[in-house]
Amino acid sequence: MIAWLLACAPASFDECRGDLAEKTACRAQFAEPLPSSNSALEALVDGIEDLEERDALLVELAVRHPESGARLCALARTDHGDRQCRQVVGRPHLGHHKRP
Amino acid sequence: MIWLLACAGADPVLTGDGSLQSCDAIALEGHRITCRVQVAADAGGRGEDALARQACEGLDEGVWRDECHFRAGEELGRAGHTDRSLRHCADAGRFSRNCVTHAAWGLPPDATLRSDDHEAVRAAMSEFAQITETALDGAPEGVAPEAMDQLMARAWFNLYVGSGVADPAPTKGLPPWQAAQARTAWAIEAARLRQGEDLVTAWVEDAVLRGEPLADRSNVTGRYASPILPEGVQDHPHVATYGGGARLKVEDPTIDTRIAVLEGLYFVDRSPAEVFVPYLEDPTPEVAWTAAKLLALADPETPRQHADPMLQAYDEAARLKRR
């Protein structure tokens, strides 16, 4: 059983598999802590070809890290991603919130 | 942990259908959170306080639960449910102040209330003050007094501005903590109705000014004076104005009316900058400082010479703010 579970465990961002939610949750884990440079962040999400998957990750990370919402949401490419992102970047006080 | 989920399979849905149940079916935490916050905001807009509260209380304590109460509070406020709105604001933790500001400025005017109906105004304002005080019970420390200041400022603004009637009588005999807000609101409407008249005399003599009401009072716009507090001025008493602003206030009602009138003239953006110039020499420092602030905001190029260092500081701060 343990071996089966371990076999399922992805070792990197690029190995995340499953449906949209599974892949996004997995990628979010590997994306943290967030790269400090915008170019590194961009390179990370540019590796995701599917735009829906890309934006799902960006939104998930923006909610977890509202202080980085602006740079994450600037990379969103779909209308749906933009709409979801507005709940973070449209609320500037969230960006000023410091994580404990 | 995530690979356990991956192996077990997870719900692929990322957005809900507007119901709490659909939010809870979302596998991703971040998306689940924004779904609940949206449900709370939408419920607030419909006046459904219980659903909004349920949506927020299902979130873990922290920034997003605070944000959820903030969204619900501002939407309930905009829908006219002040008491429920403020109860959410009281629960909005680090965002309590932001929530109150939004709730206050979203408060819709009561079109049936007029400043020349003194009994009705007295009853309405007293009830509003009581409701807000009760609703803010339990707000984080320091929030309630600031909130009351903003809310009463808005309530008086709603009574006067755009109504077509500027009767100063209701601004008299008020408890000191709300008299200044009332005078600012009266002054804006008085300035809107009668530019160029001596409005302070009109206030002293209880002259009721009348004119055309605004067609749409739900969205009154004017020049918003930024809250400018140069060093040395912070300790002087201020009162909330509009859009997060503040003005100086003094105890003497007639002198305070001079300050209110200056602020009113500034808000009514047809007023030329020159109207503030004579007040730079006013014997009451707070009046002169207000004139300097408004003159610098309205037109930093108008020449004047200030010997008073506080006046210079005020003027300089206003210029910096304007840039």
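Naming: A, B, ... by sequence-line order, numbering from 1 per chain. Side chains are part of it too, since the values below use all heavy atoms of this structure and drop only hydrogens, waters and symmetry mates. What you are looking at is a predicted structure, and each value in this text was computed from that prediction instead of being measured.
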K.L.:
What pairs meet the ring pair (Phe, Tyr, Trp, His ring centres under 6.0 Å) rule with one or both residues in residues 39-65 of chain B, with sequence neighbours excluded?
P.N.:
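Matches after skipping sequence neighbours: none remain.
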K.L.:
Check whether more than 12 heavy atoms from other residues, nucleotides or ligands sit under 6.0 Å from atom CG of Asp216(B), and answer yes or no.
P.N.:
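Atom CG in Asp216(B) is packed in, count exceeds 12.
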K.L.:
Going from OG1 on Thr34(B) to CZ on Arg83(A), what distance comes out if it is rounded to the nearest 0.5 angstrom?
P.N.:
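Between atom OG1 of Thr34(B) and atom CZ of Arg83(A) there are 12.0 Å.
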K.L.:
Assess whether a salt bridge exists between Glu74(B) and Arg91(A), defined as any Lys/Arg side-chain N lying under 4.0 Å from an Asp/Glu carboxylate O.
P.N.:
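Yes, charged N to carboxylate O under 4.0 Å.
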K.L.:
Checking heavy atoms, do the side chain of Arg32(B), its backbone, both or neither come under 4.5 Å from chain A?
P.N.:
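Neither part.
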K.L.:
Applying side chain to side chain contact (heavy atoms under 4.5 Å, CB included), run through His93(A) and Glu67(B) and close with a yes or a no.
P.N.:
CA-CA 9 Å; His93(A) 54 280; Glu67(B) 165 69 359; 2.6 Å; yes
K.L.:
Looking at Asp50(A), I'd like to know if its CG atom is crowded, meaning that more than 12 non-hydrogen atoms belonging to other residues, nucleotides or ligands lie closer than 6.0 Å.
P.N.:
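Counting other residues, nucleotides and ligands, CG of Asp50(A) exceeds 12 neighbours.
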K.L.:
Looking at His31(B), is its backbone amide N or carbonyl O close enough to the side chain of Gln84(A) to form a donor-acceptor pair, meaning the two atoms are under 3.5 Å apart?
P.N.:
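Such a contact is absent between Gln84(A) side chain and His31(B) backbone.
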K.L.:
Return yes when atom CD of Glu15(A) has more than 12 non-hydrogen atoms of other residues, nucleotides or ligands closer than 6.0 Å, and no otherwise.
P.N.:
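Yes - once you tally the heavy atoms of other residues, nucleotides and ligands closer than 6.0 Å, there are more than 12.
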K.L.:
Picking from Leu57(A), Leu20(A), Thr24(A), what satisfies side-chain contact (heavy atoms from CB on, under 4.5 Å) with Leu28(B)?
P.N.:
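One option only clears the test, and that one is Thr24(A).
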K.L.:
For atom CG of Asp60(B), decide whether the heavy atoms of other residues, nucleotides or ligands shown that lie under 6.0 angstrom number more than 12.
P.N.:
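No - once you tally the heavy atoms of other residues, nucleotides and ligands closer than 6.0 Å, there are 12 at most.
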